[in-house]
Amino acid sequence: MRQTMKHQMIRGMALVAVLGASTPLWAQYEGPGSETIKTVEEAKKASDDAEVVLTGHIIRQINHEDYLFRDATGEINVEIDGDEWGAIREPVTPEMTVRISGEVDYHQTEPTDIDARQVEIIETAYRPAMTGLEKG
């Protein structure tokens with residue numbers, strides 16, 4: 001009998017572990033208005049505080065925490081505080097592809113920019129797309 005209770009307890013704990021692992025930790029809304037902005041062109045038209053995940057290149061530092069970011073659709077200023085660089089321990093160059101997560105910072109009197117929450121290196125070598133003008 002003792003063995004049976006022990007097995008039931010183990011099965012119960014295993015069931016709780018499996019159910020807990022398959023259940024999301026938090027709910028979130030998905031539907032109209034919840035889309036994440038993915039391009040500079042979209043970000044420039046988005047409302048204040050809209051979520052963004054941009055992939056492209058940081059091409060220039062403007063000042064201490066402001067950088068010029070470029071993707072295939074355009075350029076936008078991005079504010080990156082020191083702690084948003086995360087675990088990056090190497091210099092980020094314009095040749096590297098990065099992913100910036102953050103939100104749109106809309107201003108009435110200044111151009112819209114991005115307030116970064118996280119920066120990740122995606123690729124370390126920049127390979128420009130072929131335009132058909134190159135001979136090869």
Side-chain angles (χ1 to χ4, degrees):
M1 176 124 186
R2 186 170 234 211
Q3 193 70 296
T4 305
M5 287 180 63
K6 184 177 181 182
H7 282 99
Q8 286 178 343
M9 185 183 285
I10 290 172
R11 282 191 211 130
M13 290 181 353
L15 181 62
V16 168
V18 168
L19 289 175
S22 64
T23 304
L25 296 177
W26 66 87
Q28 70 184 52
Y29 172 75
E30 287 189 18
S34 69
E35 297 83 14
T36 300
I37 306 299
K38 296 188 178 178
T39 68
V40 168
E41 183 177 43
E42 292 172 343
K44 287 181 175 182
K45 298 174 187 174
S47 59
D48 193 37
D49 298 330
E51 292 293 315
V52 298
V53 177
L54 304 175
T55 302
H57 304 273
I58 297 172
I59 58 172
R60 182 167 51 93
Q61 185 170 7
I62 298 167
N63 60 41
H64 180 64
E65 294 181 340
D66 294 318
Y67 299 84
L68 185 60
F69 175 86
R70 177 186 294 156
D71 71 5
T73 68
E75 297 178 353
I76 196 165
N77 287 356
V78 179
E79 180 184 338
I80 307 172
D81 298 332
D83 53 339
E84 274 80 27
W85 290 101
I88 298 174
R89 299 290 178 247
E90 60 183 295
V92 174
T93 67
E95 294 78 24
M96 295 176 170
T97 303
V98 297
R99 179 180 301 129
I100 296 177
S101 303
E103 60 187 27
V104 171
D105 198 4
Y106 174 80
H107 310 280
Q108 289 186 0
T109 58
E110 299 173 29
T112 297
D113 59 8
I114 304 299
D115 188 9
R117 265 195 314 277
Q118 181 180 13
V119 179
E120 304 169 81
I121 296 174
I122 304 302
E123 289 183 273
T124 57
Y126 174 61
R127 294 179 193 90
M130 298 293 282
T131 62
L133 301 175
E134 297 85 0
K135 293 186 179 182

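Values below: every heavy atom of this structure, side chains too, minus hydrogens, waters and symmetry copies. In this chain, residues are counted from 1 in sequence order. Owing to the predicted nature of the structure, the values given are computational and were not obtained by experimental measurement.
Side-chain contact between Gln118 and Arg99: absent, with no pair of heavy atoms (C-beta onward) separated by less than 4.5 Å. Side-chain atoms of Ile88 and Val119, non-hydrogen and from C-beta on, do get closer than 4.5 Å to each other.
The structure places OG1 of Thr55 at 9.0 Å from NZ of Lys38, a figure rounded to the nearest 0.5 Å. Atom CG in Asp81 sits 9.0 Å away from atom CG in Asp66 (nearest 0.5 Å). The distance from the OG1 atom of Thr36 to the CG atom of Leu54 is 10.5 Å, given to the nearest 0.5 Å. Here the CZ atom belonging to Phe69 is positioned 13.5 Å from the CG atom belonging to Asp113, to the nearest 0.5 angstrom.
Residues Glu84 and Ile80 share a closest heavy-atom pair of CB-CG2, 3.9 Å. Scanning all heavy atoms of the two residues, the minimum distance from Ser101 to Val53 falls at OG-CG2, 4.1 Å. Contact record, Val104 with Ala46: CG2-CB, 3.9 Å, taken as the closest heavy-atom pair. Here the closest heavy-atom approach between residue Glu103 and residue Val52 is recorded as N-CG2, 3.8 Å. Scanning all heavy atoms of the two residues, the minimum distance from Ile76 to Ala43 falls at CD1-CB, 4.3 Å.
For the residue pair Thr39 and Glu41, no side-chain donor N or O sits within less than 3.5 Å of a side-chain acceptor on the partner. Between the side chains of His57 and Asp71, no donor-acceptor pair of N or O atoms lies under 3.5 Å.
Within a 6.0 Å radius of NE2 in His107, other residues, nucleotides and ligands contribute more than 12 heavy atoms.
Looking at Asp48, its side chain does come within 3.5 Å of a backbone N or O of Tyr106 through a donor-acceptor pair. One N or O on the side chain of Gln61 and one on the backbone of His64 form a donor-acceptor pair closer than 3.5 Å.
With sequence neighbours left out, Glu65 forms a salt bridge (charged side-chain N to carboxylate O under 4.0 Å, His left out) with no residue at all.
Through side-chain heavy atoms spaced under 4.5 Å, either directly or across other Ile, Leu, Val, Met, Phe, Trp or Tyr residues, Ile59 is tied to Ile62, Leu68.
Salt-bridge check for Arg117 with Glu51: passed, with a basic side-chain N closer than 4.0 Å to an acidic carboxylate O.
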### Derivation and outcome, side chain to side chain contact (heavy atoms under 4.5 Å, CB included), residues Val98 and Ile122
CA-CA 5 Å; Val98 297; Ile122 304 302; 5.6 Å; no
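For the side chain to side chain contact (heavy atoms under 4.5 Å, CB included) test with Ile58, the passing option among Thr97, Ile100, Val78 is Ile100; the others fail.
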